[in-house]
Number of protein chains: 2
Amino acid sequence: MQDILFDFIAKYITLTEEEKNALLSLGLFRSVKKGTILLKEGQITRESFFVLKGCIRKYYIIDGDEKTTAFFTEMEGITPHCAINNAPSEYFISCIEDTILTVSNPDMGVEINAKFPKFEIMCRILSEELLAKQQINFDEFKTSSPEQRYLNLLQNRPDLIQRVPQHQLASYLGIKPQSLSRLRARIFEKEKK
Amino acid sequence: MQDILFDFIAKYITLTEEEKNALLSLGLFRSVKKGTILLKEGQITRESFFVLKGCIRKYYIIDGDEKTTAFFTEMEGITPHCAINNAPSEYFISCIEDTILTVSNPDMGVEINAKFPKFEIMCRILSEELLAKQQINFDEFKTSSPEQRYLNLLQNRPDLIQRVPQHQLASYLGIKPQSLSRLRARIFEKEKK
DNA sequence: ATAAATCGTTCACTTAAGTTAAGAAATAAT
DNA sequence: ATTATTTCTTAACTTAAGTGAACGATTTAT
């Protein structure tokens with residue numbers, strides 16, 4: 001299991017056996033069942049999540065219904081906003097599949113960074129990459145219609161369409177489930193011709 | 001003029017006179033006229049921009065028309081994606097007012113960081129803040145309608161509505177200029193009652 | 001100063017998303 | 001296994017955004 005994590009890290013820095021063991025000794029790994037809520041609105045956590053296998057989802061509850069704004073699958077992670085600014089979370093994070101993740105907190109970060117400065121480098125690269133990706137995603141979202149967004153998703157993350165419930169996908173695309181159904185039917189009609 | 005920059009920096013770290021002079025010696029400041037294009041699609045730059053006074057705008061040209069995805073006003077800055085990954089820019093950056101900005105490149109960053117490690121700290125804080133803001137903005141955009149987005153903007157950045165042309169605002173809100181006109185008329189009607 | 005281009009608004013019409021409701025299909029619970 | 005719950009789709013209707021065109025108003029260029 002840990003191999004998944006080490007393979008990922010290997011893309012950025014090279015670890016010695018000693019370093020790997022230091023990482024393992026932190027007891028990062030956690031296995032959670034589908035449906036588990038990792039973070040609730042109003043709650044404050046200091047934990048960050050990184051998905052090794054499975055899928056988690058970030059959503060708000062606004063006027064009583066869920067608005068999904070992000071999915072995190074293999075090799076993606078999230079540090080909740082509340083872990084940074086110590087304020088109650090505005091959103092929920094839950095598992096939409098049985099999921100294996102690493103759960104870390106700032107103390108572990110400090111500890112590991114002190115022992116192995118390499119990590120600091122990886123963290124900087126990761127956060128730069130993340131910021132860049134984030135900006136591109138945002139621009140893409142802003143500049144497309146729901147239909148284009150769906151087609152983009154089909155191109156870029158086809159797995160999501162398979163593994164995520166439609167109504168969650170819909171809100172991720174910024175529309176209602178009924179509109180997604182209709183939109184899919186519309187696309188299907190176009191293709192048939 | 002430089003006072004604006006130093007006041008901003010003072011919020012994060014404390015600078016000695018020596019450090020201030022080192023900064024000034026880099027020749028960061030540039031004054032540009034309204035309409036100036038700082039970055040074109042297809043072009044590669046290594047420059048980052050930070051607005052001291054005025055307003056710049058980031059936009060794509062898609063199917064022949066402009067899609068504005070961001071405005072940067074006083075104390076806001078942007079490092080174009082192309083400056084990070086050395087690939088041709090996907091978007092334009094231009095000035096919508098006469099603007100005073102600092103223009104920096106990675107070499108200057110390296111130089112100043114080597115001399116004054118403090119800067120590294122400020123940069124880390126700034127990029128964390130930026131990432132957090134970015135995520136919240138994205139979520140807010142995804143979870144609201146164009147009308148709500150306009151009302152939010154009215155709350156959070158009322159200056160933008162004054163200083164930015166309507167058709168650019170419209171595309172920033174994800175709609176057409178005509179729809180923005182209509183939407184404003186609609187809101188005005190509601191208020192009258 | 002005048003002409004040209006750009007900008008903002010309005011209107012009529014089209015297209016797509018929101019809403020409410022209903023029913024079938026799939027999942028989860030007992 | 002059966003019931004209950006959730007999920008997905010379809011349909012009819014409403015609301016809002018897209019489109020194309022027209023017309024002042026403003027800004028820019030000459």
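Throughout, a chain's letter reflects where its sequence line sits, starting with A, and its residues are numbered from 1.
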With a 3.5 Å cut-off and no angle check, do the side chains of D139(B) and Y60(A) form a donor-acceptor pair? yes
Distance check: side-chain N/O of H167(B) vs OP1/OP2 of dT6(C), anything under 4.0 Å? no
Distance-only polar pair, side chains of T73(A) and R157(A), donor-acceptor under 3.5 Å: yes
Is there a donor-acceptor contact under 3.5 Å linking the side chains of S179(A) and R182(A)? yes
Which whole-number value in Å describes the distance from I175(A) CD1 to dT15(D) P? 20 Å
Taking only N and O in the side chain of R186(B), is any of them less than 4.0 Å away from OP1 or OP2 of dT15(D)? no
For E189(B) and dT9(C), what is the distance between atoms CD and C1' respectively, to the nearest whole Å? 14 Å
Taking only side-chain N and O atoms of S181(B), does any of them lie within less than 4.0 angstrom of OP1 or OP2 on dT9(C)? yes
For K176(A) and dA16(C), is the shortest distance between a side-chain N/O and OP1 or OP2 below 4.0 Å? no
Six-ring centre of F8(B), K11(B) cation under 6.0 angstrom, axis tolerance 45°: no
Just the rounded figure in Å: distance from P of dT9(C) to CG of L169(B). 11 Å
Under 3.5 Å, is there an N or O donor on one side and an acceptor on the other linking the side chain of R182(B) and the base of dG8(C)? no
